[in-house]
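Quick note: numbers below take in every heavy atom, side chains included, and nothing from hydrogens, waters or symmetry partners. Fair warning: this is a prediction, and the values are worked out from it, not measured in the lab. Start at 1 and go down the list; that is how both ligands and their atoms are numbered.
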Amino acid sequence: MTRAVDARLTVDGTTRELPLERSTVGNDGVSVATLLSDTGLVTVDPGFMNTASCESSITYIDGDQGILRYRGYPIEQLAQNSTFLEVSYLLIHGELPTADQLTALNERVARHMHVHSGIKAFLEAFPRDAHPMAVLSGATSALSTFYPESVGRGEHEIELATVQLLAKTATVIAYLQRRFTGGDLIEPSRDGTYVDEFMRIAFSGTDGSLDIDPTIRRALDLLLILHADHEQNCSTSTVRIVGSSQANIYASISAGIGALSGPLHGGANEAALGMFDNIKESGDTVEQFVAKVKDKAEGARLMGFGHRVYKSYDPRGAVVKDVANTVLAELGGNDETFQMAQRLEEIALSDEYFIERKLYPNVDFYTGLLYSAMGFPRQMFTPLFALGRMPGWIAHYREMMEDPRTKIGRPRQIYTGEVARDYAPMDQR
Ligand code: ACO
């Protein structure tokens with residue numbers, strides 16, 4: 001990083017030079033870290049519309065061009081050629097693995113997929129219809145209590161926690177799927193490959209065997225790759241801010257899972273399918289629904305549309321749409337809903353409201369249709385997103401911990417409350 005002094009800010013007639021922070025590609029930054037002590041002013045940026053909270057070398061997005069790269073590799077190339085565990089290694093360690101490194105990761109993750117009986121009891125204690133994101137968040141935090149040897153900031157602990165999180169959250173999510181179907185929790189085999197083992201635990205009969213359709217296997221692997229990281233989004237920023245207090249990685253990722261559950265973030269995949277169903281049930285045409293969205297009177301949004309960073313087509317959305325085309329044709333998924341989704345997209349993309357605001361389908365617009373075709377109930381869509389995002393959260397936590405400049409995340413505020421007043425006794429209120 002090179003620094004230059006070529007941004008200037010004038011306050012009360014006095015001009016100060018603000019250092020620039022240079023990126024390798026994309027937006028450079030103006031550092032305002034000393035503004036408060038120099039001027040008594042804070043910067044105001046609700047929703048962090050224009051705030052870079054850290055330097056990161058993991059993922060690059062160009063929202064205007066629709067570009068997404070993990071460690072410099074275009075998402076399209078990774079989607080075409082890679083596997084989820086390979087991408088996980090890339091995100092976490094910075095380079096694509098050699099064959100030996102990938103085999104070692106596969107074997108290590110497979111060995112750690114079993115979970116403590118206490119975790120199974122924990123999962124069983126929740127009502128069967130509990131939302132799996134709430135259970136997943138609790139279970140992820142609880143993992144730290146069952147595996148204390150992986151809790152800590154030392155290299156060994158972080159390496160162990162990395163494998164534990166990749167492996168055990170996959171088993172937990174597969175168990176959550178299994179609970180929906182009323183099946184007993186079966187044991188991981190300890191030597192399977194990641195996606196196969198996840199599907200076997202999620203879908204096999206009581207004898208533990210499952211014939212995995214290669215189309216579904218590939219589609220799921222690909223969806224996990226597409227979700228694996230997305231720089232400083234809401235859940236990743238949550239992981240970082242919690243981790244910045246030196247909370248352990250399990251607690252930090254558990255908080256990130258809570259952030260992901262919201263319908264404006266990861267919960268949008270579940271909300272989008274709900275929206276398609278609501279349109280059908282209401283008897284509205286898609287045109288009438290779009291008119292309601294534009295009217296804003298009922299507060300309806302086109303779920304799976306719009307993005308804080310992408311002001312063009314989300315490159316992940318484009319890949320998902322392609323895969324949905326292939327998979328639904330082959331598996332015979334809900335064609336009527338897919339057609340409705342495509343019609344909604346077509347209408348929105350040619351409508352002035354959406355054009356003006358640069359609203360395009362995001363990754364979540366079509367994923368629900370795919371997950372449905374694979375046999376997942378709607379409540380499982382966001383946990384599947386969490387499964388994909390796990391290596392991204394881990395990579396960001398590790399990057400932050402390795403950066404000696406990391407400080408506890410602690411924003412300022414503009415106070416607008418009462419200035420000062422005296423306590424009033426109860427009988428005088
Ligand atoms: N449908 C209708 N109008 C929308 C939508 C939408 N999906 N998204 C944004 N808008 C409108 C807003 O009403 C606003 O209009 P205005 O200028 O007339 O007030 C304008 O577009 C800007 O929207 P903001 O909410 O200010 O944009 P922001 O960057 O804060 O929000 C977000 C981004 C949350 C993703 C938003 O587009 C949204 O709610 N989308 C639907 C939910 C969704 O799909 N979330 C998943 C995002 S991807 C992910 O997290 C994996």
Side-chain angles (χ1 to χ4, degrees), residues 44-51 59 61 63-64 66 68 70 75 133 222-239 256-276 278-279 284 286-321 341 343-371 378 381-393 396:
V44 184
D45 184 21
F48 309 120
M49 302 283 288
N50 192 38
T51 295
T59 288
I61 302 174
D64 295 324
L68 169 62
Y70 297 161
I75 190 67
M133 283 301 275
L222 196 111
L223 286 170
L224 296 177
I225 292 173
L226 295 178
H227 287 89
D229 194 43
H230 216 229
E231 50 115 311
Q232 311 308 322
N233 57 84
C234 179
S235 55
T236 302
S237 296
T238 302
V239 171
I257 292 168
L260 188 75
S261 70
L264 297 190
H265 189 16
N269 53 14
E270 187 182 335
L273 206 70
M275 175 185 75
F276 300 145
N278 287 341
I279 298 172
D284 280 350
V286 285
E287 287 81 357
Q288 283 167 325
F289 178 75
V290 169
K292 280 185 186 163
V293 167
K294 286 162 53 182
D295 181 41
K296 294 187 177 180
E298 292 174 27
R301 284 197 164 197
L302 190 47
M303 300 312 283
F305 249 73
H307 197 275
R308 171 63 61 79
V309 182
Y310 291 120
K311 300 303 166 199
S312 65
Y313 214 102
D314 180 339
R316 304 166 300 171
V319 178
V320 173
K321 190 178 172 189
R343 180 83 189 112
L344 260 177
E345 177 188 342
E346 197 186 317
I347 292 173
L349 291 183
S350 56
D351 188 294
E352 209 38 53
Y353 174 97
F354 294 89
I355 295 170
E356 214 171 70
R357 291 170 180 76
K358 301 187 176 170
L359 301 170
Y360 292 84
N362 59 52
V363 67
D364 284 331
F365 193 65
Y366 288 107
T367 47
L369 285 159
L370 270 170
Y371 293 139
R378 194 175 302 169
F381 297 174
T382 318
L384 290 164
F385 189 149
L387 181 66
R389 186 53 54 87
M390 200 55 65
W393 289 328
H396 282 274

For [atom], find the nearest protein heavy atom and state the residue, atom name and distance (0.1 Å precision).
atom	value
atom 7 (N) of ligand 1	Leu302 O, 2.8 Å
atom 35 (C) of ligand 1	Gly306 O, 3.6 Å
atom 21 (O) of ligand 1	Arg357 CD, 3.2 Å
atom 30 (O) of ligand 1	Arg308 NH2, 3.0 Å
atom 42 (C) of ligand 1	Met303 CE, 3.6 Å

If you round to the nearest 0.5 Å, how far is [atom2] of [Y] from [atom1] of [X]?
X	Y	atom1	atom2	result
Thr59	His230	OG1	NE2	8.0 Å
Ser235	Arg389	OG	CZ	5.5 Å
Asn269	Arg378	CG	CZ	11.0 Å

Which of the ligand 1 atoms, numbered from 1, are nearer than 4.0 Å to a heavy atom of [X]:
X	answer
Tyr353	2 (C), 3 (N), 4 (C), 11 (C), 13 (O)
Gly304	43 (C), 44 (O)
Phe385	51 (C)
Val293	1 (N), 2 (C)
Ala268	43 (C), 44 (O), 45 (N), 46 (C)
His307	35 (C), 37 (O), 48 (S)

Ligand 1 and [X], any nitrogen or oxygen pair closer than 3.5 angstrom?
X	value
His265	yes
Phe305	yes
Leu264	yes
Arg301	yes

What closest approach, in Å, do [X] and [Y] show between heavy atoms, and which atom pair accounts for it?
X	Y	result
Asp45	Asn50	OD2-N, 2.8 Å
Leu68	Tyr310	CB-OH, 3.6 Å
Arg301	Phe289	O-CZ, 4.2 Å

Would you confirm whether any non-hydrogen atom of the protein falls under 4.0 Å from atom 27 (O) of ligand 1?
no
Could you tell me whether atom 4 (C) of ligand 1 has a protein heavy atom closer than 4.0 Å?
yes
Is there a side-chain contact between Lys296 and Tyr353, using heavy atoms and a 4.5 Å cut-off?
yes
Taking the side chain as every heavy atom from C-beta outward, state whether Phe354 and Leu302 have any atom pair closer than 4.5 Å.
yes
Report the part of Asp364 in contact with ligand 1, treating N, CA, C, O as backbone and CB onward as side chain, heavy atoms under 4.0 Å; options are side chain, backbone, both, neither.
side chain
Relative to ligand 1, is Leu359 under 4.0 angstrom through side chain, backbone, both or neither, heavy atoms considered?
side chain
Checking Asp64 against Ser312: is there a side-chain donor and acceptor pair closer than 3.5 Å?
no
Taking the inter-plane angle between the rings of Phe385 and His265 on a 0 to 90° scale, is it parallel (under 30°), tilted (30 to 60°) or perpendicular (over 60°)?
perpendicular
Ring centroid separation Phe276 to Phe365 under 6.0 Å:
yes
Is the closest heavy-atom distance from Lys296 to ligand 1 below 4.0 Å?
yes
In this structure, are over 12 heavy atoms from other groups packed under 6.0 Å from Glu352 atom CD?
yes
